[in-house]
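First up is the structure itself, then whatever we jot down about it.
Both backbone and side-chain heavy atoms feed into the values below; hydrogens, waters and symmetry mates do not.
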Amino acid sequence: MEKALVLIVGAGPSGLATAACLGQLSIPYVIIEREDCTASLWRKHTYDRLKLHLAKEFCEMPHMPYPEDTPTYTPKIQFLRYMDDYVEHFNICPKFNSSVESCLYDDVQKYWVVTTHDQVNGMVSKYAARFLVVASGENSAGNIPSIPGLEDFSGHVIHSSSFRSADSYAAQRVLVVGCGNSGMEIAYDLSSHGANTSIVIRSPLHVMTKELIHMGMKLASWSLPVKFVDFILVVLAYLWFGNLSKYGIVRPNMGPLLLKAKTGRSAVIDVGTVELIKKGDIKVFGPISCIKGNVVEFDDGKESYFDAIVFATGYTSTANNWLKNGEDMMNKEGMPKKDFPNHWKGSNGLYCVGFARRGLSGIAHDAKNVANDIKAFLDSMAPF
C-alpha cells in the first residue's frame, strides 16, 4: 500500500487548484484522474463555441492570473491553454486512467484506504492517505431525466456533454430540453445552422447580458446589498429584453445574484437566443408529458414531431459511488450537506473542492481553504 499524505481525486480545475495550493505550502500530494487528460470535462464534453460566461477576473485559478492578452470572456480553447500552462507552472503530475473504486476510512490506523483501478493495464492499487480531497466535482456525470416513452424514441438522443456543434443537424427538427446556459446556447447554435429548433423551458429563469452580470458582480464586490444589486439588474434586464413572459420565459421571484447564492442556479447569459425566440425561429414548450415514437407530448396537450433531442439537463455528482465514509460531509446526492462557505470540510481529514456551485471562483475559495487547513493541522502534529 502506497502512502500519500494528501490524495486528490480528480484532475479537473478543482483538483488542479488544490494541487497548486498544496504545492505553494510545500505539502506533498498524489493526484489521480479517471480520464487520460486534465480538465476532461472541458476538453471532451463541452461544445465548440463555449466561452466562460463570467469575466476572466472572476474565473482565475489560485496563484496564477490569466495572461494580459486573454479576452475578457475567455473562449474554450484559450481556457484550456491556460489550464495547460497552470499544470506546467506548478509541475502537477496526475496519475491518469486511474478510476477510484472505493475510499474507506480506517478507524484503527487513522487513514483513508483508497483503491484505484488502472483502466489501461488493469492493475489495482491501494493508497493510505491521511487527508482525502474529493475534487471530482459536481458535474461528474451527465443527467438525463426519466421520461415515459424516451426509450422508444427512434431519433437521435444525446446529452449536452456530447454536443459539439450544430453542423450535422441542419434541416432537422430538434428539441433542446433544458433552459440553462448550455441549453439556450445550444438552441441558438442549432437555429443559426438551419435546424428547426424548439426548447423546453420548465422553470422560471433570469435572462441577462454578460455586461449586466459583470456589473452586478462588480457592485456586489463593493459590499453593496445583494438585494439592491439584484433590483438594479432586474430593472435593467427588463428595459433591455422587455416582458418575456409572453414568450414562455418567466422571471423567478428571487433576484439573480441571491438565487445563485441560495440555490446555485445561474442566470442565463443571452447569446442571441432571446431574439430568435421573439422572432419565432426557436419555439418554446413547457414540461414534457411523454414521448410516443418521434412525437413528444407536453403537459399542456401540445404535440410535436422531432428528429433529435438534446438534453441540456445538467450533471450529477458521482462521489457517493466510491466514497464510503463521507456521510458527515456529503448527502445522498453526493453534494455537501453544509451550505457555502462551510461546505468544504468533513471529519477524519476529508475535504471537498468544487462543490459550492460557484464556478471557478468557488473552486479557488475551496482549494485555498483546504490547503491552509491541512497546513495548520500538520504544523500541530507529528509527521505521518
Side-chain angles (χ1 to χ4, degrees), residues 41-42 45-54 58-59 73 76 79 137-145 147 157-166 174-192 197-210 212-214 216-217 230 233-234 237 241 244-245 247-277 282-288 309-317 333 335 354-362:
L41 179 65
W42 286 84
H45 303 291
T46 53
Y47 43 95
D48 295 340
R49 73 186 308 274
L50 177 66
K51 292 183 179 180
L52 294 181
H53 293 117
L54 300 180
F58 299 109
C59 299
Y73 297 93
K76 169 183 172 178
F79 177 73
E138 59 201 23
N139 298 328
S140 189
N143 174 57
I144 293 182
I147 299 174
V157 176
I158 62 168
H159 185 265
S160 58
S161 58
S162 299
F163 183 89
R164 292 296 168 272
S165 75
V174 186
L175 178 65
V176 179
V177 182
C179 56
N181 278 298
S182 293
M184 295 289 259
E185 196 159 341
I186 288 171
Y188 175 84
D189 202 15
L190 287 164
S191 183
S192 301
T197 307
S198 300
I199 187 168
V200 169
I201 298 181
R202 297 173 294 176
S203 306
L205 71 150
H206 286 288
V207 180
M208 297 277 154
T209 67
K210 60 181 183 294
L212 282 177
I213 289 296
H214 189 199
M217 295 184 72
D230 274 342
L233 292 178
V234 169
F241 293 107
L244 297 179
S245 61
Y247 302 103
I249 302 173
V250 179
R251 298 188 192 281
N253 293 325
M254 194 179 295
L257 298 188
L258 191 59
L259 187 69
K260 176 66 176 176
K262 293 286 187 181
T263 69
R265 289 173 54 200
S266 299
V268 169
I269 310 298
D270 182 52
V271 295
T273 314
V274 169
E275 185 60 29
L276 295 182
I277 289 174
I282 296 176
K283 300 177 184 66
V284 174
F285 288 98
I288 296 173
I309 302 176
V310 180
F311 282 95
T313 42
Y315 295 81
T316 58
S317 164
E333 284 80 35
M335 295 295 290
F355 288 82
R357 298 193 186 279
R358 278 168 167 75
L360 291 161
S361 63

- Message: Using modelled atom types and a 3.5 Å cut-off, is there a donor and acceptor pairing between side-chain atoms of N181 and backbone atoms of D270?
- Response: no
Looking only at heavy atoms, the pair that brings S317 and E333 closest together is CB-O, 3.7 Å
CD1 (I213) and OG (S266) are apart, to the nearest 0.5 Å, by 8.5 Å
Using side-chain heavy atoms (C-beta onward) and a distance below 4.5 Å, is P252 in contact with H206? yes
- Under the 3.5 angstrom rule, does the side chain of H159 hit a backbone N or O of G314 as a donor-acceptor pair? yes
*Kindly indicate, with the supporting measurements, whether the criterion side chain to side chain contact (heavy atoms under 4.5 Å, CB included) is fulfilled by T46 and F79.*
CA-CA 12 Å; T46 53; F79 177 73; over 6 Å; no
Under the side chain to side chain contact (heavy atoms under 4.5 Å, CB included) rule, what do F163 and L190 come out as? Steps first, then yes or no, please. CA-CA 11 Å; F163 183 89; L190 287 164; 4.0 Å; yes
- Would you say R358's side chain and A261's backbone share a donor-acceptor pair under 3.5 angstrom? yes
Taking every heavy atom of T209 against every heavy atom of F241, the minimum-distance pair comes out as CG2-CZ, 3.8 Å
Rounded to the nearest 0.5 angstrom, the CD1-OG distance for I144 and S160 is 8.5 Å
- Task: Examine distances only and state if a side-chain atom of T313 and a backbone atom of G178 form a donor-acceptor pair shorter than 3.5 Å.
- Result: no
inquiry  = For D189, is there any backbone N or O sitting under 3.5 Å from a side-chain donor or acceptor partner on Y47?
reply    = no
One should read off an interatomic distance between L54 CG and C59 SG, to the nearest 0.5 angstrom, of 4.5 Å
- side chain to side chain contact (heavy atoms under 4.5 Å, CB included) between S161 and N139, intermediate numbers included: CA-CA 10 Å; S161 58; N139 298 328; over 6 Å; no
In terms of heavy-atom contacts, W42 and K76 come closest through O-CE, 3.1 Å
Mark yes when over 12 heavy atoms from residues, nucleotides or ligands other than R202 sit less than 6.0 Å from its CZ; otherwise mark no. no
query: Distance-only, no hydrogens or angles: does the T197 side chain make a donor-acceptor pair with backbone N or O of S191 under 3.5 Å?
result: yes
Is a side-chain donor or acceptor of K260 paired with a backbone partner of R357 at a separation under 3.5 angstrom?
yes
query = Is there a side-chain contact between L276 and Y188, using heavy atoms and a 4.5 Å cut-off?
reply = yes
Here the gap from I199 atom CD1 to I186 atom CD1, rounded to the nearest 0.5 Å, amounts to 9.0 Å
All heavy atoms of V268 vs all of C179, minimum pair found to be CG2-O, 3.2 Å
With side chain to side chain contact (heavy atoms under 4.5 Å, CB included) as the test, would you mind laying out the steps for Y315 and L41 before giving the verdict?
-> CA-CA 11 Å; Y315 295 81; L41 179 65; 3.8 Å; yes
Scanning both residues in full, the closest heavy-atom pair of I282 with A187 reads CD1-O, 3.7 Å
Heavy-atom nearest pair, I249 first then M184, reads CD1-CE, 4.4 Å
In this structure, CZ of R265 is separated from CE of M254 (nearest 0.5 Å) by 9.0 Å
- request: Would you please classify the geometry between the H214 ring and the F58 ring as parallel, tilted or perpendicular, with 30° and 60° separating the classes?
  value: perpendicular
Side chains of P256 and D230 in contact at under 4.5 Å (non-hydrogen atoms) | yes
